[in-house]
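To keep things clear, I will list the structure first and then write my remarks on it.
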Amino acid sequence: MPKNPRQLAADAARAAILAAYEQAVVTGALPAGAPGQFDVSEPREKGRGDLASNFAMVWAKPLGLPPHKIAEAVAGELDLSGTVAAAEVAGPGFVNLRLSADWYADTLLAIEQAGDDYGKSEGGRGRKVQVEYVSANPTGPMHLGNARGGVLGDTLSTILEWTGCDVTREFYLNDAGNQVDLLGRTMQARYFELLGDPDRYPMPEDGYHGEDVIENARRYLELYGDKLAEADEGARVAELRDFALEQNIARMKADLARYRIRHDVFFPESSLYETGAVEQTLDRLDKNGALYEQDGALWFAASRYGVEKDDVLRKSNGFYTYYAADIAYHHNKFVTRGFDEVIDIFGADHHGHSIRFKAGMAALGIDPERLRFVLIQFVRLLRDGEVVRMSKRTGKAVSLADLLDEIPVDAARFFFCSRQNDTAMDFDLDLAVKQENDNPVYYVQYAHARICSILRNLAAEGVTPRPADSLDLRLLVAEEERDLIRHLGDFPQQLILAARDLDPSRLTKYVSEAASLFHRFYTACHVRGEQEALMQARLKLCQLTGQVLRNTLGILKVTCPERM
RNA sequence: GCGCCUGUAGCUCAGUCGGAUAGAGCAUGUGCCUUCUAAGCACAGGGCCCGGGGUUCGAAUCCCUGCAGGCGCGCCA
């Protein structure tokens, strides 16, 4: 199992503190009875040691002694021959600890040993997780919210894999229902428009006004001509609809690929009807007494499961609502396919769904806690200081493909992962081009390119990195070196936290900080020209920093240039 | 009206589930290339953490309450 240096340090510090306390009890310096609960964390500010603990303040009350006295007594008994090398009492009663040279050396050894796998952990082993993201309606081009959700879901899936989970990445394809029928009728209107007969089937009331529908109709005419002009309307609409869907889905897949967003499964909504899954799920709900009929419609008594209002599952015209299909879909996820946990990534405008879906699961006897949601706020697009509305209906939407024509994929992915999910984003297109040069992603990539450059230059002089265990890594004592190593040692823990919080933005923050610490090290410490032993140790630090940058950017699917 | 989210430097945002003198990037100002990439580094200025109560050794963080903004509340999806 790969090592987690940060965790090792914290555990060692905790054990040392507890042992020192036991000793202080034996000598009579402190009374027995201190609780085992206290923090060991990295001090917020530099210069206060490598780790800090608040145990003295936590114990002050139960032991009936001032924090300072407890801290002094414990610090005096600390074993400083292991992972902890120094301790001092500070502030209101914090004890600041310094890690030993061995810990720093061991951390680098652990990174080298794990290599491309450094950062992986096993806490999620055996957990079957499904992540659903994008799931855009195939009725038109995707918008920027889809791009954000897609990048987020894709990255989150990778993060979960790194913590050991068995992850399935899924796209729910809404290829049934009203929206899709409307697409077919819009296609029909455009079809006749292009044939020079616009009045025969005028644009439906809520039809799709986007250029893309006209494009699809034109494409159909080019391929198959006017053969549908005299066909039965039902058949015509169906054929045009299916053609448009096929075109749109192909384009969505191509756009997603450009963003390096990957899915394992495209799950068609229509299959839920074809296999009878919707009816079966409704039967199950009925058996559980969660349904009732009123005004000719079939209702789900959601209010019994914590939702304010009940919802219709089957309309009085006999058709199912989207909600019925969605409950069936989630039943399929949990029961038919046996996922332990399901994560849905939705736009914040769908947050009503999260409560309703959970109610549906509860009514089916599935623990709602197994269903988690990541709600992402809209990406607001600004051009010339004005908000550009993103609506498929208006036809003025800026699609995610358009964005890539202006912003490189690396920058877009990094940007979408750089904010917490539940904060709204403004994407200023005028600034975006300008931002290209001071975008944080270039800062990180530059650090990587610098490292490659050092390795290249020294290799040209015949100096190549040697295995870490053959080097004296204890020579790395400069503050810049140790800050960097400590941060490298924190990587596995950051991944665990990112997985826990479903928050990829931890990684963009982490890697930016790593780059910053490297740049500082680079400025303060030379590699080339130093004495052999120190040069080799620093070269190793450079190489392993590059390793961690590659691992992190690899998860984010951002490229690591060797030259810039 | 009800529900969810947000309010921290001029701007964009962090703040490790309650800790020490509230941080970073951009922007502004000043320094640093005669040895590894200046797409970099260092220093400086800049704050009523939206307002008001409460909880405790200790609050940007937790609770209550106002205010402001975003989103949602269809037999649409």
Side-chain angles (χ1 to χ4, degrees), chain A residues 39 41-45 48 52 54 57-58 60-61 66-67 90-94 96 137 139 174 176-180 182 206 269 294-299 307-309 311-323 325-326 347-355 375 377-378 380 418-426 428 431 434-447 449-458 460-461 463 480 490 493-494 497 500-501 505-506 509 512-513 515-516 518-530 535 538-539 542 563-564:
Chain A
D39 282 341
S41 59
E42 187 160 347
R44 186 170 291 178
E45 265 175 74
R48 289 194 173 132
N54 66 345
M57 282 172 292
V58 176
K61 208 168 205 179
F94 287 99
N96 296 330
N137 276 325
T139 49
N174 295 104
N178 285 343
Q179 302 297 319
V180 178
L182 186 59
D206 299 320
E269 178 187 359
Q294 187 181 307
D295 302 332
L298 187 64
W299 292 72
V307 179
E308 276 201 17
K309 280 187 261 182
D311 285 285
V312 171
L313 294 184
R314 194 179 58 220
K315 296 179 262 187
S316 52
N317 64 12
F319 286 101
Y320 295 109
T321 62
Y322 82 96
Y323 187 34
D326 274 326
D349 56 328
H350 286 67
H351 77 247
H353 292 29
S354 58
I355 310 165
L375 297 177
Q377 296 287 340
F378 272 135
R380 273 197 315 177
S418 66
R419 305 281 142 76
Q420 282 182 354
N421 315 320
D422 51 8
T423 62
M425 282 181 143
D426 283 342
D428 190 324
L431 273 179
K434 175 181 169 298
Q435 257 182 1
E436 193 176 313
N437 274 324
D438 40 60
N439 190 304
V441 74
Y442 295 98
Y443 180 79
V444 176
Q445 290 179 321
Y446 184 59
R450 265 185 158 176
I451 290 167
C452 292
S453 173
I454 294 171
L455 289 162
R456 258 197 318 270
N457 290 337
L458 285 174
E461 294 172 15
V463 180
E480 290 83 359
D490 202 19
Q493 191 63 22
Q494 286 301 320
L497 295 174
R500 182 197 67 183
D501 299 339
S505 77
R506 290 192 97 100
K509 282 166 210 153
S512 297
E513 176 73 10
S516 171
F518 176 77
H519 285 312
R520 252 188 273 173
F521 156 76
Y522 176 90
T523 308
C525 307
H526 279 274
V527 181
R528 190 163 164 263
E530 295 290 341
M535 178 176 68
R538 286 183 172 167
L539 185 59
C542 289
R563 297 172 200 269
M564 284 178 78

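Lettering follows sequence order; numbering is per chain, from 1.
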On RNA chain B, nearest-nucleotide positions of A:R314 versus A:A90: which is more 5'?
-> A:A90
Report the residue (A:Q294 or A:R563) whose heavy-atom-nearest nucleotide on RNA chain B is the more 5′ of the two.
-> A:R563
[N], OP1 or OP2 - any side-chain N/O from [X] closer than 4.0 Å?
{"X": "A:K309", "N": "B:G74", "result": "yes"}
{"X": "A:R419", "N": "B:C13", "result": "yes"}
{"X": "A:Y443", "N": "B:C41", "result": "yes"}
{"X": "A:S453", "N": "B:U37", "result": "yes"}
{"X": "A:K61", "N": "B:G58", "result": "no"}
{"X": "A:R456", "N": "B:U37", "result": "no"}
{"X": "A:N457", "N": "B:U37", "result": "yes"}
{"X": "A:N54", "N": "B:G19", "result": "no"}

With heavy atoms under 4.0 Å as the rule, sort A:D39 into base, sugar-phosphate or nothing.
-> nothing
So what does A:C452 hit on the nucleic acid, given a heavy-atom distance under 4.0 Å: a base, only sugar-phosphate, or nothing?
-> nothing
Distance, rounded to the nearest Å, where [X] contributes [atom1] and [N] contributes [atom2]:
{"X": "A:F521", "N": "B:C41", "atom1": "CZ", "atom2": "P", "value": "14 Å"}
{"X": "A:R450", "N": "B:A39", "atom1": "CZ", "atom2": "P", "value": "8 Å"}
{"X": "A:H353", "N": "B:G3", "atom1": "NE2", "atom2": "P", "value": "20 Å"}
{"X": "A:Y322", "N": "B:C76", "atom1": "OH", "atom2": "P", "value": "11 Å"}
{"X": "A:M535", "N": "B:U35", "atom1": "CE", "atom2": "C1'", "value": "13 Å"}
{"X": "A:F518", "N": "B:G40", "atom1": "CZ", "atom2": "P", "value": "14 Å"}
{"X": "A:K509", "N": "B:C13", "atom1": "NZ", "atom2": "C1'", "value": "8 Å"}
{"X": "A:H526", "N": "B:C36", "atom1": "NE2", "atom2": "P", "value": "8 Å"}

Of the listed nucleotides ([options]), which one gets closest to any side-chain atom of [X]?
{"X": "A:H351", "options": "B:G40, B:U35, B:C4", "result": "B:C4"}
{"X": "A:A449", "options": "B:U37, B:A20, B:C75", "result": "B:U37"}
{"X": "A:A52", "options": "B:U35, B:A20, B:U37", "result": "B:A20"}
{"X": "A:N96", "options": "B:C4, B:A20, B:A77", "result": "B:A20"}
{"X": "A:T523", "options": "B:C75, B:A38, B:C41", "result": "B:C41"}
{"X": "A:E308", "options": "B:C75, B:A20, B:G3", "result": "B:G3"}

Expressed in whole Å, how much space separates the [atom1] atoms belonging to [N] and [M]?
{"N": "B:G69", "M": "B:C50", "atom1": "C1'", "answer": "11 Å"}
{"N": "B:G29", "M": "B:G10", "atom1": "C1'", "answer": "15 Å"}
{"N": "B:G7", "M": "B:U61", "atom1": "C1'", "answer": "14 Å"}
{"N": "B:G53", "M": "B:A14", "atom1": "C1'", "answer": "28 Å"}
{"N": "B:G31", "M": "B:G23", "atom1": "P", "answer": "27 Å"}
{"N": "B:A24", "M": "B:G47", "atom1": "C1'", "answer": "15 Å"}
{"N": "B:G15", "M": "B:A59", "atom1": "C1'", "answer": "13 Å"}
{"N": "B:C13", "M": "B:A27", "atom1": "C1'", "answer": "15 Å"}

Those residues at least two apart in sequence (or on a different chain) that pass salt bridge (charged side-chain N to carboxylate O under 4.0 Å, His left out) with A:R314 are none
Between the side-chain atoms of [X] and the base atoms of [N], is any donor-acceptor pair under 3.5 Å?
{"X": "A:Y442", "N": "B:A39", "result": "no"}
{"X": "A:S316", "N": "B:C75", "result": "yes"}
{"X": "A:H350", "N": "B:G72", "result": "no"}

With centres under 5.5 Å and planes under 30° as the test, does A:H519 stack with B:C41?
-> no
Are the ring of A:Y522 and the six-membered base ring of B:G40 within the stacking cut-offs of under 5.5 Å and under 30°?
-> no
In terms of base orientation, is B:C33 syn or anti, with the syn window spanning 90° either side of 0?
-> syn
Distance from A:F521 atom CZ to A:H526 atom NE2, nearest 0.5 Å?
-> 10.0 Å
With both distances under 3.5 angstrom, what nucleotide forms a Watson-Crick or G-U wobble pair with [N]?
{"N": "B:C33", "answer": "none"}
{"N": "B:A22", "answer": "none"}
{"N": "B:G58", "answer": "none"}
{"N": "B:C4", "answer": "B:G70"}

Does the cation-pi check pass for A:R450 over A:F518, that is, NZ or CZ under 6.0 Å from the six-membered ring centre and within 45° of its axis?
-> no
Is the backbone N or O of [Y] less than 3.5 Å from a side-chain atom of [X], with the two atoms forming a donor-acceptor pair by type?
{"X": "A:N54", "Y": "A:D39", "result": "yes"}
{"X": "A:N317", "Y": "A:F319", "result": "yes"}
{"X": "A:T523", "Y": "A:H519", "result": "yes"}

Nearest non-hydrogen partners of A:L182 and A:D206, listed with the distance = CD2-O, 3.2 Å
Pair A:D501-A:R506, side-chain contact (heavy atoms from CB on, under 4.5 Å): steps then yes or no | CA-CA 9 Å; A:D501 299 339; A:R506 290 192 97 100; 3.0 Å; yes
What is the ring orientation for A:H350 with A:H353, classed by angle as parallel under 30°, tilted 30 to 60°, or perpendicular over 60°?
-> perpendicular
